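Have a look at the structure below before the remarks.
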Amino acid sequence: MKQTRNTHAKTEILNLINNSETALSHTAIQEKIGTLCNRVTIYRVLERLEQEGKIHRIVNVDGVINYAKCRQCRESNHNHNHLHFNCEECHSVTCIENIVPEINLPENFLAKSYNFVVSGICPKCLAG
C-alpha cells in the first residue's frame with residue numbers, strides 16, 4: 001500500500017469537509033482556509049483525498065464541483081451512487097445517502113457510476 005503524506009493543509013481541508021453539513025466548493029474551501037495554502041495546493045489536496053477515498057465530488061446543477069466526506073466507502077469500493085440535493089436559494093449541496101436511485105439500462109450497457117442531483121429548496125431556506 002502506498003504511504004500517503006499528511007500535511008497541515010491536507011489535515012485542515014479534510015477537517016473542514018468532515019465538519020461541514022453540506023458539500024463545499026473549491027472557492028468555499030479557499031475562503032475558509034484563508035492563507036494556509038494557495039488554490040493549486042487546495043486542488044492537489046482535494047484530488048489526493050478523493051483518491052484515498054476520504055471525500056467524493058459532486059457536480060451540481062450549475063456545473064460547480066463540490067466535495068463531501070465519504071461515510072461508507074473504502075478505496076477499493078469508492079462509489080457515491082446516492083442522491084444529492086442542490087438548493088436553488090443558498091446553493092448548498094447535500095448528500096442524501098438513504099435514497100439510492102435504481103438504474104435499469106438497456107442490454108449491453110454497464111453503469112459504473114452516476115451523479116443524481118435534485119434541484120429545489122432546502123429545509124433551511126424553506127423555514128427562513
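Being a predicted model, the structure only gives us computed values, none of them experimental. Computation of the quantities below employed the complete heavy-atom set of this structure, encompassing side-chain atoms and omitting hydrogens, waters and symmetry-equivalent molecules.
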*Quick one: are Asn66 and His26 in side-chain contact, heavy atoms under 4.5 Å?*
no

*Could you state the interatomic distance from OG1 (Thr41) to NZ (Lys10), rounded to the nearest 0.5 Å?*
13.5 Å

*Do side-chain atoms of Asn38 reach the backbone of Val40 as a donor and acceptor pair under 3.5 angstrom?*
yes

*When rounded to the nearest 0.5 angstrom, what distance separates NZ in Lys32 from CD1 in Ile42?*
12.5 Å

*Are side-chain heavy atoms of Ile55 and Leu46 found at a separation under 4.5 Å?*
yes

*Quick one: do Ile13 and Leu36 end up in the same hydrophobic cluster if we chain Ile, Leu, Val, Met, Phe, Trp and Tyr together by side-chain heavy atoms under 4.5 Å apart?*
yes

_Same apolar cluster (I L V M F W Y, side chains within < 4.5 Å links), Leu49/Leu16_ = yes

*What pair of heavy atoms forms the shortest contact from Glu88 to His91, and how long is it?*
O-CE1, 3.7 Å

*Tyr67-His56 aromatic ring centre distance below 6.0 Å*: no

*Roughly how far, to the nearest 0.5 Å, is the CD atom of Glu12 from the OG1 atom of Thr7?*
9.5 Å

*asked:* Using the rule that Ile, Leu, Val, Met, Phe, Trp and Tyr join whenever any side-chain heavy atoms are under 4.5 Å apart, tell me whether Val118 and Ile121 fall into a single cluster.
replied: no

*Is any NZ, NE, NH1 or NH2 atom of the basic residue among Glu47 and Arg57 found under 4.0 Å from an Asp or Glu carboxylate oxygen of the other?*
no

_Thr94 OG1 to Leu83 CG distance, which is reported to the nearest 0.5 Å_ = 10.0 Å

*Given a cutoff of under 4.5 Å between side-chain heavy atoms of I, L, V, M, F, W and Y, with clusters grown through shared members, what are the other residues clustered with Ile58?*
Val61, Val93, Val117

*Among Asn18, Leu14, Ile17, side chain to side chain contact (heavy atoms under 4.5 Å, CB included) partner for Lys54*: Leu14

*Go through Ile103 and Phe116 one step at a time and tell me if the side-chain contact (heavy atoms from CB on, under 4.5 Å) criterion holds.*
CA-CA 11 Å; Ile103 302 293; Phe116 272 106; 3.5 Å; yes

*To the nearest 0.5 Å, tell me how far His84 NE2 sits from Ser119 OG.*
14.0 Å

*Give, for atom NZ of Lys69 and atom CG of Leu24, the distance between the pair rounded to the nearest 0.5 Å.*
10.5 Å

